[in-house]
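Data block below; observations after.
Order of the sequence lines sets the chain letters (A, B, ...), proteins ahead of strands, with each chain counted from 1.
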Amino acid sequence: MSTLLPIFATAFMYVIIYAILSIGLNLQYGVTGIVNFTYYTFVAIGAYVAGVLTLGKPPAGSGETYILGLNLPFPIPIVLAALVAGLFGGLLALTVFRRLRSDYLAITTLCAGTVAFDIVTNSTGLFNGPNGIYGVPTPLASTFGVPPQNTYMVLIPIGLVILALVWWVAHCIDLSPYGRTLRAIREGRDAAAAFGKNTLRLQLGVMILGCAIAGIGGALTVEFVGAFNPSAFETVETFVVYAAVILGGPGNNLGVILGAVLVQGVIIQGSLYLPTIGAESLVPAIRNMVIGGMVILVLYFRPRGMVGETRPQLGVPRRRGLGVRSAPGSRGEADS
Amino acid sequence: MNELIQAIGFGLVTASVLALAAVGLTLQFGVTNYANFAYGDIMTLGVYLTWALTTTAHLNFAIALVVAVVAMAGITAAVAEGVMGPFVRRRSPTVVLLMVTFGLSLILNSVILAIWGANSDAFQLPGTQPLHFGPLLLTPIQLTIIGGSIVAMVAIHLLLTRTGIGKRMRAVSDNRDLARVSGISPTPVVRATWAITGALATLAGVSLAVEASQFSPGLGEGFLFVIFAAVILGGVGRPYGAMLGALVVGLVTEVVALWLPQYKLDVAFVVLILVLLLRPQGLIASAGKV
């Protein structure tokens, strides 16, 4: 029991983080239909910002170099991580959210992710280059006298509170006229614009909010793991969050939490304890094939995911037996 | 001054690799009307196939390359038909098609990792001694890449202007509905386009791997954003635009490398943002593709 508890607690903490990330991505992809192929870059921004704000100055002679090192107390690093990640998300959105098709945004986000990777790796003065930052202390651990190997004892409650807050914000957006307009943009941006909606501003808001939530998830990651390095920029990291959203149910905040439990809790955490067969990279490679394959199959056979969006079609009164509900994958730009 | 001439020389090599890749990507983007995020991994798969043919099957490099190009044309067309086909026939929204190609990218990359592992490999080729052309130093390999790329571009030009399938590709790319009304069935055109895409991706990938003197499973993915920059600079679905875009991006990256060698490819991102802000339709405008 004593050996199993840390394993389950660690998996549970990752599920909490990925549930937060999935809600943020769901706002962008599931609700508004924005394809951001570098979502995890904003997680990385949040993690790095929270890391260097929590850490003190790099110890002399350690060879480590990073900016700031302000030694700020919880929860300031998490809040600032959200703000900085949101700011970068907004900047990226501003350059591409004019009257451009969804491909262009996806391409630009992909490019931005590669550039962010290059900057973080090459500018060693920023976040310690390819080695990344490490030794980030867990917030409040010393206050409550929690031993370093049991950091989940403080972080799971903090994570659950943040998850509840993030879910509540997303839920309120869901029910508000703002959320309805976002869905209208997903179903047809030109139509929403024709009804006098400022689609640029609304999409910008979603981009900022979603990326800020990514930043919060990143901050929690770095405070939990204690370290962060540029390998986080790999495509698969972003894809895992998409998998949680798509399998769980795009547009449904509880659905994407369920997706995070399935993808992060079962598939990824579970595969860590599989025996190594062949080369070291073989099990992760097979796992990624399974995740990629599942996403493609679900997109085809069950575009609504496990738990579909519960809202009735725009302008269609709720009726018994109305099978088709709006979700990305059911209708939209038919220019393919 | 000599350094600038040398940078321009390297720029022509990069542009040649980029032109092969960008033309392959833009042809498919134009004909099918969605971006393919698995393109980088198709390139990498072509490289590993060529490498396997030279090392495991002990084929001569040139023969291995030809076999790989033909095989990748078939594989790409088959994967596109099998995976993308059902979504396109269902008229899935662009967002979903992009996600499917993103998933394909992960799957292809995992297949490469599972078969060949994560380490770097290299082609053992002769012709690495540089030749002098005044202030310009280029290896026979680099000259072959430039020459091969020019031949491929001429071949693409002839295909698009002199053959029936090429003309049909241009018609479908310009306006699919109009092409259909004129009696052109898009299905065989789309198949042929994917095959050409796979072939060009393989040529581009092998050129990139040879030019970089080593390759790893992340080869294509790391280069994909530069290809997209060239494609959008030239205007989506415009093969001649993509050639021009490749030339511009290739020269700009190598000239910038004189001052910022570690960020040379990232300049492509600056080019992309400038194009999107100033001329989103690309240098060579194409109506209805923005």
Side-chain angles (χ1 to χ4, degrees), chain A residues 29 33-35 37 95-96 98-104 106-108 110-115 117-119 121-123 186-187 234-236 238-240 242-243 246 278-282 284-296 299-300 303 328-336, chain B residues 29 32-35 37 40-41 83 86-88 90-100 102-115 117-119 176 217-218 221-226 228-229 231-232 236 260 262-263 265-266 268-270 272-273 276-277 280 288-290:
Chain A
Y29 175 78
I34 296 172
V35 183
F37 275 153
T95 53
V96 278
R98 293 177 313 140
R99 295 184 56 258
L100 296 178
R101 35 186 280 173
S102 45
D103 308 69
Y104 282 62
I107 291 169
T108 315
L110 183 92
C111 298
T114 318
V115 172
F117 169 79
D118 282 347
I119 291 174
T121 316
N122 287 318
S123 303
R186 177 186 76 201
E187 303 297 318
E234 284 178 26
T235 317
V236 56
T238 293
F239 194 84
V240 166
Y242 269 103
I246 290 168
E280 201 188 334
S281 56
L282 191 57
I286 293 172
R287 180 200 72 197
N288 290 349
M289 281 182 230
V290 169
I291 296 176
M294 280 172 79
V295 166
I296 293 178
L299 280 175
Y300 187 74
S330 53
R331 63 201 300 236
E333 310 153 67
D335 63 344
S336 46
Chain B
F29 199 162
T32 63
N33 212 5
Y34 58 85
F37 286 88
D41 301 282
V83 180
F87 287 95
V88 173
R90 174 189 273 190
R91 293 193 162 266
S92 292
T94 310
V95 176
V96 169
L97 295 171
L98 298 182
M99 276 315 301
V100 176
F102 199 46
L104 263 181
S105 158
L106 183 69
I107 295 174
L108 287 178
N109 198 256
S110 306
V111 167
I112 293 167
L113 274 167
I115 300 177
N119 295 331
R176 177 179 283 235
E221 272 183 31
F223 198 59
L224 184 59
F225 81 104
V226 188
F228 270 127
V231 165
I232 291 183
V236 166
L260 291 169
Q262 69 273 41
Y263 291 120
L265 291 182
D266 300 304
F269 180 66
V270 179
L272 177 74
I273 294 290
L276 287 180
L277 288 178
K289 292 279 177 192
V290 177

Quiz item: Where on A:Ile107 is there a heavy atom nearer than 4.5 Å to chain B: the side chain, the backbone, both, or neither?
Solution: both
Quiz item: At a heavy-atom separation under 4.5 Å, does A:Thr114 approach chain B through its side chain, its backbone, both, or neither?
Solution: both
Quiz item: Is it the backbone or the side chain of B:Ile273 that comes under 4.5 Å from a heavy atom of chain A, or both, or neither?
Solution: side chain
Quiz item: What closest approach, in Å, do B:Val96 and A:Tyr29 show between heavy atoms, and which atom pair accounts for it?
Solution: CG2-OH, 4.4 Å
Self-check item: Between A:Ala285, A:Pro284, A:Gly113, the one whose heavy-atom pairs under 4.5 Å with chain B are most numerous
Solution: A:Ala285
Quiz prompt | With sequence neighbours excluded, residues passing side chain to side chain contact (heavy atoms under 4.5 Å, CB included) with B:Ser105 | solution = B:Ala38, B:Asp41, B:Glu221
Quiz item: A:Tyr300 and B:Arg90: which non-hydrogen atoms are nearest, and at how many Å?
Solution: O-NH1, 2.6 Å
Self-check item: Side chains of A:Thr95 and B:Leu276 in contact at under 4.5 Å (non-hydrogen atoms)
Solution: no
Quiz item: For A:Val115, is it the side chain, the backbone, both, or neither that has a heavy atom closer than 4.5 Å to a heavy atom of chain B?
Solution: both
Practice problem: Indicate the atoms forming the closest heavy-atom contact of B:Leu98 with A:Val35, along with that distance. | Solution: CD1-CG2, 4.3 Å
Practice problem: Would you mind telling me which of A:Ala112, A:Ala243, A:Gly293 has the largest number of heavy-atom pairs within less than 4.5 Å of chain B? | Solution: A:Ala112
Exercise. Look at the side chain of A:Asn288 and the backbone N and O of B:Ser110, then say whether any donor-acceptor pair between them is shorter than 3.5 Å.
Key: no
Practice problem: Just give me the residue among A:Asn122, A:Thr121, A:Leu282 that pairs up with chain B most often, heavy atom to heavy atom, under 4.5 Å. | Solution: A:Asn122
Quiz item: At their closest point, which heavy atom of A:Leu110 faces which heavy atom of B:Leu224, and how far apart are they?
Solution: CD2-CD2, 3.8 Å
Quiz item: Just wondering, do A:Asp118 and B:Gln262 contact through their side chains at under 4.5 Å, heavy atoms?
Solution: no
Exercise. Tell me, out of B:Ile232, B:Leu104, B:Leu265, who's got the most heavy-atom pairs with chain A below 4.5 Å.
Key: B:Ile232
Quiz item: Which atoms of A:Ile119 come close to chain B, meaning under 4.5 Å heavy atom to heavy atom: side chain ones, backbone ones, both, or neither?
Solution: both
Quiz item: Taking every heavy-atom pair that is under 4.5 Å apart, which of B:Val111, B:Leu108, B:Leu113 has the most such pairs with chain A?
Solution: B:Val111
Quiz item: Looking only at heavy atoms, which two atoms of B:Ala35 and A:Asp103 are closest? And how far apart?
Solution: N-OD2, 3.0 Å
Practice problem: Taking ring pair (Phe, Tyr, Trp, His ring centres under 6.0 Å) as the test, write out the residues that go with B:Phe102, two or more places apart. | Solution: A:Phe37, A:Phe239
Self-check item: For the student: nearest non-hydrogen atoms of A:Ser281 and B:Ala118, plus distance
Solution: OG-N, 4.3 Å
Quiz item: By a 4.5 Å heavy-atom criterion (distance strictly below it), what part of B:Val83 contacts chain A: side chain, backbone, both, or neither?
Solution: side chain
